[in-house]
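A short worksheet on the structure shown next.
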Number of protein chains: 2
Amino acid sequence: MDKKKKQQSTEEKILAAARKVFTTKGMDGARMQDIADEAGINKALLHYYFRDKGKLFETVFLEEAQKFFPKINSIFSSELPLFEKIEKFVHEYIDEMLENPYLPWFVMNEINRDPEQFMYRIWGKENLPQPSKFLEQMDKEVRKGTIKKISPVHLFLHIVSMTIFPFVAKPMITRNLQLDELQFRQILEQRRKEIPRFIFDAIKK
Amino acid sequence: MDKKKKQQSTEEKILAAARKVFTTKGMDGARMQDIADEAGINKALLHYYFRDKGKLFETVFLEEAQKFFPKINSIFSSELPLFEKIEKFVHEYIDEMLENPYLPWFVMNEINRDPEQFMYRIWGKENLPQPSKFLEQMDKEVRKGTIKKISPVHLFLHIVSMTIFPFVAKPMITRNLQLDELQFRQILEQRRKEIPRFIFDAIKK
DNA sequence: ATATAGTTTAACCAAATGGTTAACAAAACT
DNA sequence: AGTTTTGTTAACCATTTGGTTAAACTATAT
């Protein structure tokens, strides 16, 4: 047992355990007993602190998602020049994911389970993320002739795909490329520079 | 009800229903009763045709995965020149996914649930896919000076990310970019040409 | 010391769910 | 026609699982 675990409050222990179990097994696969075991407490305590499974899940889920998604949004709609914006997005996204490697899968899982509900819980009813500003910015650069002619939508998809996918597909990638934890992490760190450079090479004139 | 459903054998109805339910709800979230309802039959029939839930799931799963994964593998280890190979991979992958849009999520889900088991079931014990040949090929081109200096691993990740991610993240993308089914499909079709061109622009000398 | 509020546990309960059984119906076969 | 085999169903069973309860323990205040 960690020293940490003893200092943690019961509530914190539960949340940490829930995060772990929900992430690996998903909302449906997770068993309340598993979470209790992982936290080293009695199952009834889960219900004492969090009324039911759904509440516990939502707490864990929103805690993570809400602190991260708005950040992305603010980058995309900021006033930075195009390349700096891309660079910043890639950097911050990868950094965040390296610290919370379970987040992407977690989010993807939820978003697939119930897209409407998800979007609503993250951004509220009328507060959708607006990549439109980013798309317009790309479009402007194309018309100005600063970058090659490219569809903003596709460029946008290229960027998010290259940034996010390796995290979601981690088990496949580590297995296929025969990487250990450390090597995988190093590659992800390299990608912070690698992706912006690749994009730059592809669209600079 | 479809006309088709009446012509389908019960076994086919079950498989179609199982595919649908397993794909949307996942192995754990899926209920045998849901599958029976979807197929319009009694629950006991499921057990008559497929011994238990696990067996049914595996049947559906392997049926899809086994027919597709070997194809990818054969492209990567073929003798085609680099750019043709990339083009072919992107083309075939997107085409396949457009026909079976549920497959990527299905596969990712399983691979995350139990990586070892998954790889084993798809490729058998000693028959891992070998992207190494593809990596070497890229490396060779770099040293020959035909393309820009780039890490083969990263280029590999770029390619698969841009190709696969949009399928996995479909609900997020359609929601954020406000696309309907048709528009999403059209964009995916465009990407067959868009991705190879983007890569070409990025690494050609 | 004792009462009190907060925390934790073991034992229990009800509903959901995967799976079984026995009977029935429909073909296929003789 | 009658008999066997295959397909299908309703009712049932055992287990799992989320959730409850009442009792015990702990700390803090009086």
Side-chain angles (χ1 to χ4, degrees), chain A residues 1-63 106 109-110 113-114 117 121, chain B residues 1-63 106 109-110 113-114 117 121:
Chain A
M1 306 168 214
D2 294 2
K3 274 182 185 173
K4 265 188 184 173
K5 258 185 188 168
K6 302 236 157 130
Q7 296 165 344
Q8 274 178 321
S9 72
T10 307
E11 190 167 341
E12 282 169 336
K13 278 194 290 186
I14 292 176
L15 282 174
R19 215 170 304 164
K20 183 169 173 183
V21 176
F22 277 135
T23 308
T24 51
K25 310 215 174 178
M27 162 70 169
D28 294 315
R31 292 293 92 103
M32 292 297 268
Q33 190 58 58
D34 293 345
I35 297 173
D37 291 347
E38 177 71 32
I41 51 138
N42 186 289
K43 183 166 69 92
L45 255 196
L46 297 181
H47 295 93
Y48 178 73
Y49 282 93
F50 306 89
R51 204 172 325 289
D52 54 34
K53 192 184 183 184
K55 197 85 176 49
L56 176 56
F57 181 79
E58 187 160 312
T59 305
V60 167
F61 177 65
L62 288 184
E63 179 185 287
F106 200 33
N109 225 333
E110 271 318 281
R113 241 170 50 102
D114 191 345
Q117 177 98 22
R121 286 195 296 184
Chain B
M1 304 170 213
D2 294 1
K3 276 183 185 174
K4 266 188 184 175
K5 257 185 189 167
K6 304 236 156 134
Q7 297 165 342
Q8 274 179 323
S9 73
T10 307
E11 189 167 340
E12 281 168 336
K13 279 195 288 185
I14 293 177
L15 282 175
R19 216 170 304 164
K20 183 169 174 183
V21 176
F22 277 135
T23 309
T24 52
K25 309 213 173 179
M27 161 70 170
D28 294 314
R31 293 292 91 103
M32 292 298 266
Q33 189 59 57
D34 294 344
I35 297 173
D37 292 346
E38 177 71 31
I41 51 137
N42 186 290
K43 183 164 69 89
L45 257 196
L46 297 181
H47 295 94
Y48 178 73
Y49 282 94
F50 305 89
R51 203 173 324 292
D52 54 34
K53 192 184 185 185
K55 195 88 177 46
L56 176 55
F57 181 80
E58 187 160 312
T59 304
V60 168
F61 177 66
L62 288 185
E63 180 185 285
F106 200 35
N109 224 333
E110 271 317 283
R113 242 172 47 103
D114 191 344
Q117 176 100 23
R121 285 195 297 185

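No hydrogens, no waters, no symmetry mates; every other heavy atom, side chains included, goes into these values. Treat the numbers as computed from the prediction; the structure is a model and nothing was measured.
Taking atom CE of residue B/Met32 and atom C1' of nucleotide C/dG18, one finds them 7 Å apart after rounding to whole Å. Atom NZ in A/Lys25 sits about 14 Å away from atom C1' in D/dT16, given to the nearest Å. Here D/dG7 presents its P atom at 13 Å from CD of B/Glu12, a figure rounded to the nearest Å. Atom CD in A/Gln33 sits roughly 12 Å away from atom C1' in C/dT9 (whole-Å rounding). Atoms CG (A/Asp28) and C1' (C/dT17) sit 13 Å apart, rounded to a whole Å. Atom P of nucleotide D/dT16 and atom NZ of B/Lys53 are separated by 14 Å, given to the nearest angstrom. As a whole-Å value, the separation of B/Lys55 NZ from C/dG18 P is 18 Å. Taking atom NZ of residue B/Lys13 and atom P of nucleotide D/dG7, one finds them 13 Å apart after rounding to whole Å.
Here the CD1-CD1 distance, from A/Ile41 to A/Ile14, works out to 4.0 Å after rounding to the nearest 0.5 Å. We find the CG-NZ distance between B/Leu45 and B/Lys43 to be 11.5 Å, quoted to the nearest 0.5 Å.
When side chains are defined from C-beta on, A/Lys20 does not count as touching A/Thr23, because their heavy atoms never get closer than 4.5 Å. Residues B/Tyr49 and B/Leu15 form no side-chain contact, since every pair of their non-hydrogen atoms from C-beta on lies 4.5 Å or further apart. Side-chain contact between B/Asn42 and B/Tyr48 is absent, with no heavy atoms from C-beta onward closer than 4.5 Å.
Across residues 40-51 of chain A, A/Lys43, A/Ala44, A/His47 each have a non-hydrogen atom less than 4.0 Å from an atom of DNA chain D (numbered order).
Residue-level contact check: A/Ala30 touches the backbone only, with heavy atoms under 4.0 Å from sugar-phosphate atoms and none from bases.
Ion pairing between B/Lys25 and A/Asp28 fails under the 4.0 Å rule for side-chain N and carboxylate O.
Between B/Arg31 and C/dG18, a side-chain N or O to OP1/OP2 separation shorter than 4.0 Å is present. For the pair B/Thr10 and D/dT8, the criterion of a side-chain N or O lying under 4.0 Å from OP1 or OP2 is met.
A donor-acceptor pair under 3.5 Å links the side-chain atoms of B/Lys53 to the main chain of B/Met27, judged by distance alone.
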